[in-house]
Structure formats: C-alpha cells, structure tokens
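So you know, we letter chains A, B, ... as the sequences are listed, proteins then strands, and number each from 1.
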Amino acid sequence: MLFSSIVFLFYFLPIVLIVYFLLSFSRFLQNSWLLIVSLIFYAWGEPKNIVIMIGSILFNSVFGLLIEKNRKRKDICKLFLIIAIVLNVSILFVYKYLNFFIENINISQGKEILPILKLSLPIGISFFTFQALSYVIDVYKGKTKAEKNIFKVGLYISFFPQLIAGPIVQYNDIAEQLGNRKVTFRKLSIGCCRFVAGLAKKIILANSMAGLAENIFSWSSIGTHSYVVPSSLAWIGAIAYAFQIYFDFSAYSDMAIGLGLMFGFKFKENFNFPYVSKSISEFWRRWHISLTDWFKEYVYFPLGGSRVKNKDHLARNLLIVWVLTGLWHGAEWTFLVWGVWNFVFILFEKFTKFHLKLEKIPIFSHLYVVFVFVIGWVIFRANDLYQAGLMIMNMFMLNKNGFYSNMVPIILKEYAFIFLMCFVFATPITRKTNEYLMYKKIDGKNSVVYTVFYPVVMMMLFAISVSYLATGSYNPFIYFNF
Amino acid sequence: MRKYIFCVIFLFSIFAYSFINIYSNKDKLKAEIKECISLIEKEEVGSAINSFDEYAKSSLYKKMSFIEMYGFFQKLLYKNEINNFEYVKDKDGFLHFTEFYKGIENDYDKYARQVRRLAENAKNPNCKTIFVNPLGLYIENITRINDGYNPAKYDKEQDEFLFNLYENNVKVLDTRKTILEKNKNKEELFYKTDHHWTTQAEFYAFCDIVDYLNENFDANLDSDYYFRDINNYNLKLYKNSFIGSLARKAGIIYSGKDDYLFIEPKEQGKFSYFAHIKDNVEISRSGSFKDAFIVEKFLKDPDTYTEAKHMAYIGEISPYEVLKNEGNSSGPKVLFIRDSYLSASMCFLANLCSEIHSIWPLSENLNFDIEEFVEENDFDYIIVEAYPGNFNEEFFSFYKEAK
C-alpha cells in the first residue's frame, strides 16, 4: 500500500488512527493493533510475501533471545549472531540477488547453465532486513536487551510508516519508545503537518518530475538510430530525475516521520537538504542518513573506519561500504557502478581535500556536487550500463545528437512553477522562511495572519494532492523495489 | 498554534470525508466486499486487493469535484499539457493526444490486401469496397500549436496506408480532403474536448460517401439531392452542453464545455435499429428516425462527465448493429466495418439504404466471424473506416490469409 493512495488516505489511516486512540488505555493493545495493521499494510502490496515478513520477525526474535540467554558464553553468543546474520542475509540474497548472479553466470558462459528462478522481490525487503540485522547485532553488542515480547520485535521490524521505504531505524534508537512513549497533541499536530507536507511533495513535485524523467529516459533508451535526444533535453531528463528521486524519497521519509509522530514515535531525520552540499562526503551526510548511519555503525566502524594505519585500509573500507551501498539499492551493475562512482569522489576528497579549496568559491563547489550527483543518478536510473552510457553521451552531445530540442522551451514553460518549487524546496529557504515568520513579532505578538494562513495553505496542499490522486495521474514510487 | 489548528482541521476532514465516502457508497462497498471475499475464497488475494484499490479510486465521493480542482490548479499554472503530456491543448483550446515516438511498424500492404479481400470474397459478386479515411483532429496548417508539444499527427501513416490501398485497387474516400473542401472551420468539425467529429462533420462525411458512391459506382443515391441538403433537416444547438473523453482527466474548468449541434431529417421516415452488445444483452428500437436512432438520454440529461452528447446517434458503438429503413426495401444494403466514427453518418445514410449493418472489429463481444458474415450476406457496398490509432492487427482481424 502506498501512502499516496486513496485506500491509505481514506480507508486505512482513519481506521488505524481511531482504533489506536480508542485503545489509549493499554499500550499492549495499541502495539498489537499497530502490528496487525502493519502486517495488513505489508500484505496489501504482495500478500504471499507476508510469510517472509512473519518468518523474519519470528527467527530474529528467537535469535535475539538466544543471544541474550547465552550472553556469558561468548562463543555460543557469537555463533547465534552469525547464524542470525547468515539467515537474514540469505533471505535478502535469494530474493534480491540470486537471479542477478544466475543471469551473469549464464551470460559469462554464453548459455543457460542455471535457470532463472521465478521469485518476486518482497517489497521493502532491504529495509526490514537491515532493521532486523540491527536488532540482533544491537542485542549481541549489549546496546539493548533482547525483547521478550515478540509483538514488540514484530512491531519494530514491520511498523508500517517506515516499513517499505525507511528511515531504517536502529533498534537501540527505538527500543524504549516501543514500550514507553507519549502520544501528545503536539506530536500529533507536528506529525499531521509533516505527513501532509510529505504527501504534497511526493504528489505535486516528485510525480511531476517523474513523468518528465520517465519520458526522456525512455526516449534515450530507444537509441539514437531511431530517436534523437538532444543534449538540452537529456539534461532536463537527468535534472528531473535528480529532483524526482529526492522529492520521492524525502517525501516518503517526511510521511513516515509524520505518521510515526502521530502514533507517538520519534524517528531520526533521513534527509537534510543534500542538494546544497559542497562536497560528496557532505552530500552523503545529508542523503538517506539512516542508511549511511547503518553502514557506518555495522560495516564501516567494525572494519576500522577512518582510524586505520594507512590509506590503503581506508580505501578498502570505503570501497567495501560503497559497493555494499550500491548493491543494497538493487541487483544490477548500474547500482554497483553508482556505488563505485560515489566511492571514487569520496576517496578523492578524503585524500586531496580539494573540495575545501573549492568551497572558497561556493558556486564551484555546488557545481561540482551537482555534476557528480546528476551523473550518478543517471547511472542509477538507467536500466543497464549501456543505457546509462547512451544517456550520458546524449547529455554531452557525443551521439551526434546536437544541443537544441524544441521540447525544452515547452517543458520549461509548462513545468516552470514545478521546477521553481523543486529548487525552493530542495534548499532550506522554506524552513528559514517558516522560522522567520514563526518568530517574527508584530507589536510584540506573533503574526496572527501566519497562524491562520498556515493551516489554510496546508489544507489546500492536501486537497490539491488528493485531486492529483483522483485524476489517476502518474504515481510511481522509486524505493518500492529496494 | 498554527500546527494545532491545522491538526484539528486535517483530522476532522479526513475522518468526516472518509465517513461520507464510505456511507455514500455503502451499497457499492458491500458489493465490493462480497466480490473481494469471493476472490479470496478462490485464493486470488492479489486480485481482491487490486479490485478494492480500483473500487476506492473510482468511487471516491465527489470525485469530479477533485478533478475540477486539479484542472483549476493546472489552469493556474498556465499549463497546456495534462498528466505528463498525455494530452496537450492547442492555441484554439482543442485537446489532443500526444505522440512522441511511433514504435510500431505497421504492415500497411498486408492490411490493404485484407480490405481488398472483403469484396473478392463477398457473396454478392458486384459488391464494392471502399475505405473511408477519416479527417484527424490535428489538421496541418489549421491546427495552431507550438513546436515541441507533439500532438498526435497521423497524416504520414494515413498516406502510407492509402498508398497501399491504391496499389491494391481498393477505392478510397479521403475525407481529409473532401470535408475540408466543404468547411475549414475546425470549431465546426471537431469538439474541443473530444477526438470525434461533430454532427456537422458527420453530415459532411455522409454527403461525401453518397457523392463518392454515385461518382464511382453509379449508385444513383439521393438523385434529387434531398437528403444532402441541410435545409431538409432540423438543427438544434445545445450550447455548452458536454465534455468529451479528452477532458475527463482535467474537467470543465480547464477544458471548457463543448456546444452540440443535433441534426435530424425533417422527413422522419420509418426505421428500426438493433444492436448486439454482449451475450444476452441486445437493444431494439423502431419507429421514426428519432425513435429508432436517437438515444434521448444523451440529448436530454447526460452525465456531463461520462456521457458525451455525440453518442446521441445510436448510443455507444456496439459490436454489431443493424439499421433498417422500413420504407426503402429497394435501397442498397451496406456493411460498415468501423470504429467509433461515422455513427451519425450511418444514420443519415440509412435514409437512402434498405439495410445498414455495422461491425466493430475491436470489440471482444463480437460473436461471429467477419469473413463468414461477409460471405453469407448479400451486400452491395462494404465501407471500411479506421482511425489511424486503430491501424492494428485487432482491427484488421479479417482475411489475414487469402482464400
């Protein structure tokens, strides 16, 4: 089920909220209710894969308890941890990566040695597997105690707001909240605002950009022999995709954080205006923060992190993290190359510190970052490396494709407002304006106009978002397959 | 404070709207739940979920108000494209489908041979076949739209198909020329919100068909020119009365409403109409031109958003239809193999024929074989008409092999 759907907004959410608040007298019943509806939410996308989710909850709960029980016997404890990790990673591997390996083995041999398996990718498998891993590892490390109540583990792994697109919540960050959280009107209010802001970002901005990007990437994939995509059009497509992925994913995080707040949970932020970064290292401190933190906590630091004897080890650790980050997004060579692309620039920045010199002239540092992430997203978006190459060649006029397209002025005219809003909302301008208006005092009082104006604008955004849904306009969701 | 106010309004809105949405659709919802349960019992859980998703979307309370809001927002944004270039609006306010890349290579020679085989295999050895090539919504040198919007243009495909028809000795009536010779005012030929012809254009097409049959086959139809004279018809203009299918995703505020001109012969005659819609669903009407051919609900009180007024002539296209002129048993017997164009033209032509049969090859509910039908029925003329969007294997499903 998508947050940006009629079923969610007008059937699922109101029912879940009403029952949740009616059960306010019992935290246990509230958690049980959230677990049940989370499983329904998950099953709505692919009913048969609910078994995998329930299986994941069960065996991670059991292994958490086994680790806790054998805490004094370190070897056995470690053995249970390894089994739990192997089981989690195996499920992820079988459903997400096995066919990729089989395909490549067959390609390398020039014939079909192994048959492709008919497995559908369970929605959000990378997200909930990483959360499950976080649970058993945190229990092993003693950061938190194993949870005896399986419903709480179940709720942690399957909680619907962050189930299919994160943020990836680390168990020790939320363990306390599972049993002991406060649902306040303040949280509920902020949650509602956050949810609607996310919904509007997703439907009005991300979906508009998605349509543009989808068209231009598909024209590019036809090939220059049949359809020429001039450079200017290719750049519009690449920039549109950069906006699409940002607003799609950050909007989902906004909605997840907002929904979490409505139920009294506080999740960490997942995005912090990454497109204003002045280096790629900074970009990754601002983009999908929960994934970066996860890899830092469970891969990079255990490998030694940056505190290593020599630069070779640093490079090795970074390479491992970025290859895994790339592959986490999908079983395709494009994701692997995209991971390596990021690794190269981060390593370069770490070794040469050249971004610090660039930062003296901010426009150059911004241009550098924009260039790297836009090209990176083209690789990420393409169906395969050949298509990525085709699109990049189109962007740089290397396909004898020329520069000007008569579609570009039309697109810029038609999407002028949307592009403008994308630029504005990709920067902290709105946050700062909001803060300014909130604290601005007129004759010693907060602006009454703003207090009235804000709810009106938010309700309008909600109504416009629903109007887009009512027309059945293009409504994809990128991270659904991750 | 501002967030508290919003929270109260938002929660009240979604609870109230959800309640109204469920309550106003309670009967539909019950039926849908029944349907879902039966699917789940058949272990088709995925289908049940999809079915409920579709139900939720289609039965949204006051859905059209939301669509109007969407259209209003698009208008505020000064947009001429809708839903990611699915439709574009030209400078005169006409909505067009778009086409950026034609990926399909049609075998026009094959389709042309199939059309030729209709007459070759017809029961009546003197049966003549003509292909009526429809004038499309995008008219070169008349449609005004900026470069880069890419409205669907079909001239090239039509020219290629017509060339192959000529090569196969199939007679062609190209209404792109004939209709524009009569009238170049696009507002009188097309609706702004629909890709179909206006009744006026349908009337021109009727006249052109009669002229063509007379000139090429000595048909001697309407020799006194009575039925081709618009003065012998009653005209009624319904101002701002409907929106067509192209406007259903953007609403009236964005697209505006179309006028509708209703044309009926002063001499009403005596006719009957039969339509096979699907298994066990058939329609028959008889009486005057109006009684037999006109579906009053489309004229009087159509649902503005779903029932376009131009469907007043014989209603929505059916897989198989028969229009009989009870007062002209000596007139020719004509078979139309067509898409949704020419509905009104057929009604006008019925004045000059004994029988008109119409087949819609694209329908899944066509319950007989077109080849057998042609070989068993005694037609004088077979008229094939296809909009270029229907140049495909599904439309040209007959005589794929020579007999």
Is chain A contacted by the side chain of B/Ser58, its backbone, both, or neither, given a heavy-atom distance below 4.5 Å? neither
Just wondering, are more than 12 heavy atoms of other shown residues or ligands nearer than 6.0 Å to CD in B/Glu99? yes
Taking all non-hydrogen atoms of both residues, which atom of B/Ile14 and which atom of A/Pro14 are closest, and how far apart? O-CG, 4.3 Å
Counting C-beta onward and ignoring hydrogens, is there a side-chain heavy-atom pair between B/Phe15 and A/Leu17 closer than 4.5 Å? yes
When only heavy atoms count and the cut-off is under 4.5 Å, which of residues 220-234 of chain A reach chain B? A/Ile222, A/Ser226, A/Tyr227
Is any side-chain heavy atom of A/Phe185 less than 4.5 Å from a side-chain heavy atom of B/Cys7? yes
Chain B contact via A/Val408 - which portion, at a heavy-atom distance below 4.5 Å: neither
So B/Asn84 and A/Asn215, do their side chains get closer than 4.5 Å, heavy atoms only? yes
Taking side chain as C-beta onward, heavy atoms only, is A/Cys192 less than 4.5 Å from B/Leu11? yes
Pick whichever of A/Ser467, A/Ser5, A/Ser208 has the most heavy-atom pairs under 4.5 Å with chain B. A/Ser467
Nearest-0.5 Å distance, CE of residue B/Met69 to CE of residue A/Met460: 9.0 Å
For B/Ile82, is it the side chain, the backbone, both, or neither that has a heavy atom closer than 4.5 Å to a heavy atom of chain A? neither
Using non-hydrogen atoms only, which part of A/Ala463 is less than 4.5 Å away from chain B: side chain, backbone, both, or neither? both
Quick one: are B/Arg2 and A/Phe453 in side-chain contact, heavy atoms under 4.5 Å? no
Take atom NZ in B/Lys26; do more than 12 heavy atoms of anything else shown fall under 6.0 Å from it? yes
Atom CZ of B/Phe163: over 12 foreign heavy atoms under 6.0 Å: no
Which distance, rounded to the nearest 0.5 Å, do you find between the OH of B/Tyr149 and the CG of A/Asn406? 11.5 Å
Please round to the nearest 0.5 Å and tell me the distance separating atom CZ of B/Phe100 and atom CE of A/Met407. 4.0 Å
Measuring heavy-atom distances to chain B, does A/Lys413 have an atom under 4.5 Å in its side chain, in its backbone, in both, or in neither? side chain
Considering heavy atoms only, which positions within residues 137-148 of chain B lie below 4.5 Å of chain A? B/Asn146, B/Asp147, B/Gly148
Would you mind telling me which of B/Phe85, B/Phe10, B/Tyr61, B/Tyr17 has the largest number of heavy-atom pairs within less than 4.5 Å of chain A? B/Phe10
Between B/Ile22 and A/Tyr11, is there a side-chain heavy-atom distance shorter than 4.5 Å? yes
Need one label for A/Trp44: side chain, backbone, both or neither, based on atoms under 4.5 Å from any heavy atom in chain B. both
Proximity of residues 46-55 of chain B to chain A, residues having a non-hydrogen atom under 4.5 angstrom: B/Gly46, B/Ile49, B/Phe52, B/Asp53, B/Tyr55
What's the shortest heavy-atom distance between A/Cys193 and B/Lys3, and which atoms? SG-CG, 3.4 Å
Looking at A/Thr471, A/Ile15, A/Ile6, A/Val196, which makes the most heavy-atom pairs under 4.5 Å with chain B? A/Thr471
Does any heavy atom of chain B fall under 4.5 Å from the side chain of A/Asn207, the backbone, both, or neither of them? neither
From B/Asn83 CG over to A/Tyr468 OH, what is the distance, rounded to the nearest 0.5 angstrom? 9.5 Å
Mind checking whether B/Phe6 and A/Tyr454 have parallel, tilted or perpendicular rings, split at 30° and 60°? perpendicular
Taking atom NZ as the centre, does B/Lys110 end up with more than 12 heavy-atom neighbours from other residues, nucleotides or ligands that are less than 6.0 angstrom away? yes
Atom CZ of A/Phe10 and atom OG of B/Ser59: how far apart are they, to the nearest 0.5 Å? 12.0 Å
Considering heavy atoms only, which positions within residues 70-80 of chain B lie below 4.5 Å of chain A? B/Tyr70, B/Phe73, B/Gln74, B/Leu77, B/Tyr78, B/Lys79, B/Asn80
Heavy atoms of A/Glu414 and B/Glu81 approach each other most closely as OE1-N, 3.1 Å
